[in-house]
Amino acid sequence: MRDRSATPPGNGRRRARRLGAYLGIASLAAAAVVADAGFGSVRADAQPAAPARGPVGWDTYRNLGASAQLRGDEKSFQASSFDRTGGNNDGFRGTYSCLRITDRGCVIAEHDGAGEITSIWSTREPWGDVTGTGNIVIELDGRVILNAPLVDVVNGRVGAPFSWPLVAGAGDAAGGVSIKVPMPYRKSMRVTVQHNPYFYHVSYRAFPNADGVKTFNPNDSAGDVLDRLRRFGVADPKPAASGATPTRKDFDLTPGSSATIARLTGPQQISQLRVRLPQVVGSPQAVDDGYAFGQAGGSRFTMRVDPNNQGIRLIRRYDAQIADQVADVFVDDRPVGQWRGGPARPGQWGLEFLEVPAELTAGKSEVEVSSRFVSSALDVNEFRYDVQSKVGGEWVRTDVLDLGPDHPGEQGAHGYRIDNEVFARSKLIARYPNDPGQVAASDEVLSTARIRITFDGQTTVDAPIGEFFGTGLGEYDVRSLMTSVDPGLDGWYTSWWPMPFAQNAVVEVVNGGGIPIIGATAEVTSAPAQVDGNTGYFHATHLRGNTVPGQDWTFLNTSGAGTFYGVTHTMRGLIPPGAAVRSNQPHSFGTLAAVNQRNYLEGDERFYVDGSAEPAWHGTGTEDFYESGWYFRDGTTFSMPQVGNPSHEIGADGCRFDCTGAYRIMINDAVPFRTGLRAGIEHGPVNDEPGDYSSTTYWYGGRVPGRQLPIAPPAPARPPESQPAAPSSPPVTSAPPSSTTPPEPGTPEAGTPETTGQNDGERPSDVRQVVDVVIRQHQRNG
């Protein structure tokens with residue numbers, strides 16, 4: 001995402017790129033025949049016509065069980081500030097950030113026809129503060145439905161439905177801001193910002209007609225959707241299924257063996273899959289922000305609990321370098337015990353557990369927790385609280401409150417209040433006490449033990465347990481809308497992806513590594529479901545290998561019809577700290593003498609749909625795709641329902657140099673395809689940085705053989721711009737590479753021009769002034 005020097009190097013492949021449409025979408029054939037990919041026992045002529053699109057507006061979130069239904073003839077597009085020349089000027093100078101200038105300001109996206117805005121992301125200096133962007137104006141069907149400062153919208157000041165977590169400020173998402181409110185329209189949309197936004201994405205859906213589409217109503221607060229999303233990572237976001245039945249198995253696995261967890265007969269749908277591995281220990285490093293209160297101070301907040309609880313467990317994370325922290329703890333104003341931190345342990349996180357009896361919590365769906373200062377060597381600090389509810393004799397996480405200056409939305413949703421605040425820490429990196437041998441063994445189990453699921457004779461899920469549930473670098477805390485990893489005491493790994501099948505399903509855990517798995521438990525919950533010719537199979541496609549110079553890392557390369565719903569991505573950078581400074585260092589690094597070990601994050605995502613030579617999505621940087629910014633705000637981890645960066649390791653805990661784990665779940669901005677999809681991401685500014693990458697992609701595909709798809713909508717017309725050619729697919733394997741020696745990076749060709757020479761129109765007057773200030777700041781800080 002960071003810009004390069006004024007004359008960025010490129011390579012021959014990029015310089016040879018042909019001109020294409022601005023959004024990179026070629027016209028598609030009127031219809032396509034899908035190859036046999038499943039549900040072969042269902043007669044095609046007995047099925048109704050495929051729907052024209054998936055759920056629209058708030059129904060996208062209200063009916064997540066419909067994710068498996070293929071989306072007919074709708075299309076997904078993304079407008080962004082990516083460098084049209086193939087270089088890395090993806091927004092730093094704002095060269096490509098305005099489609100045109102109007103009286104309102106800088107137009108960043110527009111579409112004629114029916115559709116839906118699905119996601120808006122942006123960032124700018126410093127650290128994602130978008131105050132300088134000014135107002136954002138969203139027009140739908142010729143009517144202004146939003147006109148407010150962008151910084152107020154993303155920080156929730158405008159109010160529902162623009163509330164956390166449907167919006168995220170720069171603190172919530174570690175340097176990026178986003179709007180995930182689905183905004184359908186019948187005739188047209190336009191998004192304008194007052195001043196050049198520099199870095200931005202706008203993704204939207206295009207429908208072939210407006211049948212059944214209602215224009216977004218900003219007065220609909222969608223309280224039920226907000227409530228559901230605020231339970232992300234702790235509760236199934238789908239409506240409860242009638243007749244749901246759990247199938248559980250305890251098992252041990254010797255190396256090379258497998259255990260069948262469930263054999264199911266259809267038609268059914270798996271609604272929840274859980275795994276618990278007691279031998280796996282949590283990764284020791286955590287990055288967090290928090291507060292402290294002093295004498296006569298305290299804090300108060302609400303937490304969700306299961307009304308069927310047989311008691312609850314409170315868990316507090318605190319900075320253990322402060323000795324002798326003691327605070328009285330109350331639940332609904334009744335005393336339940338004390339926090340007692342003990343002696344000072346500099347550089348370490350502390351965890352405390354406090355069990356609350358059922359007589360205080362049974363039948364309640366929410367409790368108020370408060371703490372009051374008793375004594376301390378300095379103060380009583382608090383960084384995070386988890387609540388587990390005991391249900392059926394087992395502990396299950398039912399709420400999380402991550403505190404600190406960078407969690408305003410989460411704090412507000414829990415009614416957090418603090419008295420006599422004496423400390424506010426924005427970023428503390430500390431570690432839990434650990435045994436390095438146990439950590440290494442745990443990482444190996446999570447990367448070599450696999451979830452394997454076969455639906456109607458087809459194995460469509462085969463992925464490492466860690467990455468399948470959202471974490472590829474070890475047992476890190478994950479809270480996403482569709483998967484969860486609770487690394488705490490008695491914690492479960494959980495998936496809520498709906499997985500329908502027509503005849504049968506087999507769920508297995510396979511031990512592909514050399515460490516025995518002992519005392520594990522897995523549980524599959526399923527219920528009867530209607531399965532028809534438009535239902536797709538759930539896939540979790542895993543790939544791992546060394547990056548290849550000049551080629552995008554491939555998330556998914558498949559034929560047939562389906563819908564791409566996101567990815568968990570594990571990046572192990574192979575740029576050594578002693579390497580010479582590269583000529584393509586981002587310009588914002590100024591005159592730094594050290595090599596940029598995170599330069600692999602300069603890569604853009606690119607999605608090629610239905611054989612198009614041009615990408616439907618072309619992004620501006622890797623952390624931008626995960627809706628963060630500035631290298632995840634220089635290593636700050638975060639969790640949101642659809643995006644997150646659970647882990648960052650530097651030269652420790654199994655990471656050789658610099659490693660990053662991230663996820664993106666694309667619920668309302670899913671990418672449908674009719675004849676095929678090639679989705680991937682660059683590694684470095686021009687696919688030139690070495691890395692050991694792995695990814696697990698979540699998608700649906702497979703349908704009745706011989707079925708015809710409806711006519712696709714035409715591509716949006718845009719002024720011609722320089723575009724990249726489609727990348728060739730890199731050779732990747734489903735196992736780690738046999739050698740840790742990285743491939744030699746390609747040699748960039750110097751002198752690639754930064755512009756194509758076309759007239760970009762009038763640029764906002766603030767661009768050059770701001771850019772010059774930012775450059776001088778970076779040079780002074782270099």
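These numbers come from a predicted model, not from an experiment.
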Salt bridge (Lys or Arg N to Asp or Glu O under 4.0 Å) evaluation trace for Asp477 with Arg397: CA-CA 12 Å; Asp477 187 278; Arg397 182 166 67 173; 2.7 Å; yes

Contact check, side chains of Val609 and Lys75, non-hydrogen atoms, under 4.5 Å: yes

Residues Tyr698 and Arg664: side-chain donor-acceptor under 3.5 angstrom: no

Full working for side-chain hydrogen bond (donor to acceptor under 3.5 Å, both in side chains) between Thr398 and Asp306: CA-CA 7 Å; Thr398 51; Asp306 191 309; over 6 Å; no

Polar side chain donor-acceptor pair, Glu475 to Tyr493, under 3.5 angstrom: yes

Any side-chain donor near an acceptor of the partner, Gln272 and Ser495, under 3.5 Å: no

Phe501 and Tyr537 aromatic centres sub-6.0 Å: no

Nearest-0.5 Å distance that lies between atom CE in Met499 and atom CG in Leu264: 11.5 Å

Ser257-Asn511 side chain donor-acceptor pair, cut-off 3.5 Å: no

Side-chain H-bond candidate by donor/acceptor type, Tyr626 with His569, under 3.5 Å: yes

Pair Lys180 + Glu627, salt bridge at N-O below 4.0 Å: yes

Centroid-centroid distance, Tyr385 to His414, less than 6.0 Å: no

Donor on one side chain, acceptor on other, Gln411 and Asp402, under 3.5 Å: no

Between Asp462 and Thr459, a side-chain donor and acceptor under 3.5 Å: no

Separation of Arg62 CZ from Arg228 CZ (nearest 0.5 Å): 8.5 Å

Euclidean distance, Met482 CE relative to Tyr663 OH, rounded to 0.5 Å: 12.5 Å

Stacked cation flag Arg313 on Trp395, 6.0 angstrom / 45 deg: yes

Any donor-acceptor pair under 3.5 Å from Thr697 side chain to Phe555 backbone: yes

Nearest-0.5 Å distance that lies between atom CG in Leu481 and atom CE in Met640: 11.0 Å

Aromatic centroids of Tyr565 and Tyr700 separated by under 6.0 Å: yes

Side-chain (Gln388) to main-chain (Glu394) donor-acceptor, under 3.5 angstrom: no

Trp497 ring center near Phe538 ring center (under 6.0 Å): yes

Ring centres under 6.0 angstrom apart (Phe638, His407): no

Side-chain donor-acceptor pair present, Thr570, Glu467, cut-off under 3.5 Å: yes

Separation between CD1 of Ile465 and OG1 of Thr696, rounded to the nearest 0.5 Å: 11.5 Å

Exercise: do Thr637 and Tyr476 side chains pair donor with acceptor under 3.5 Å: no

Test: Asp386 and Arg479 ion pair at under 4.0 Å: no

Step-by-step salt bridge (Lys or Arg N to Asp or Glu O under 4.0 Å) determination, Asp288 to Arg384: CA-CA 8 Å; Asp288 205 354; Arg384 172 177 164 136; over 6 Å; no

Arg248 atom CZ, over 12 foreign heavy atoms within 6.0 Å: yes

Trp699-Thr541 side chain donor-acceptor pair, cut-off 3.5 Å: yes

Nearest-0.5 Å distance, CG of residue Leu677 to CG of residue Asn557: 8.0 Å

Verdict with reasoning, Arg334 to Asp332, per salt bridge (Lys or Arg N to Asp or Glu O under 4.0 Å): CA-CA 6 Å; Arg334 297 181 64 177; Asp332 291 335; over 6 Å; no

Derivation of the salt bridge (Lys or Arg N to Asp or Glu O under 4.0 Å) call for Arg304 and Glu366: CA-CA 4 Å; Arg304 292 187 175 95; Glu366 184 178 272; 5.7 Å; no

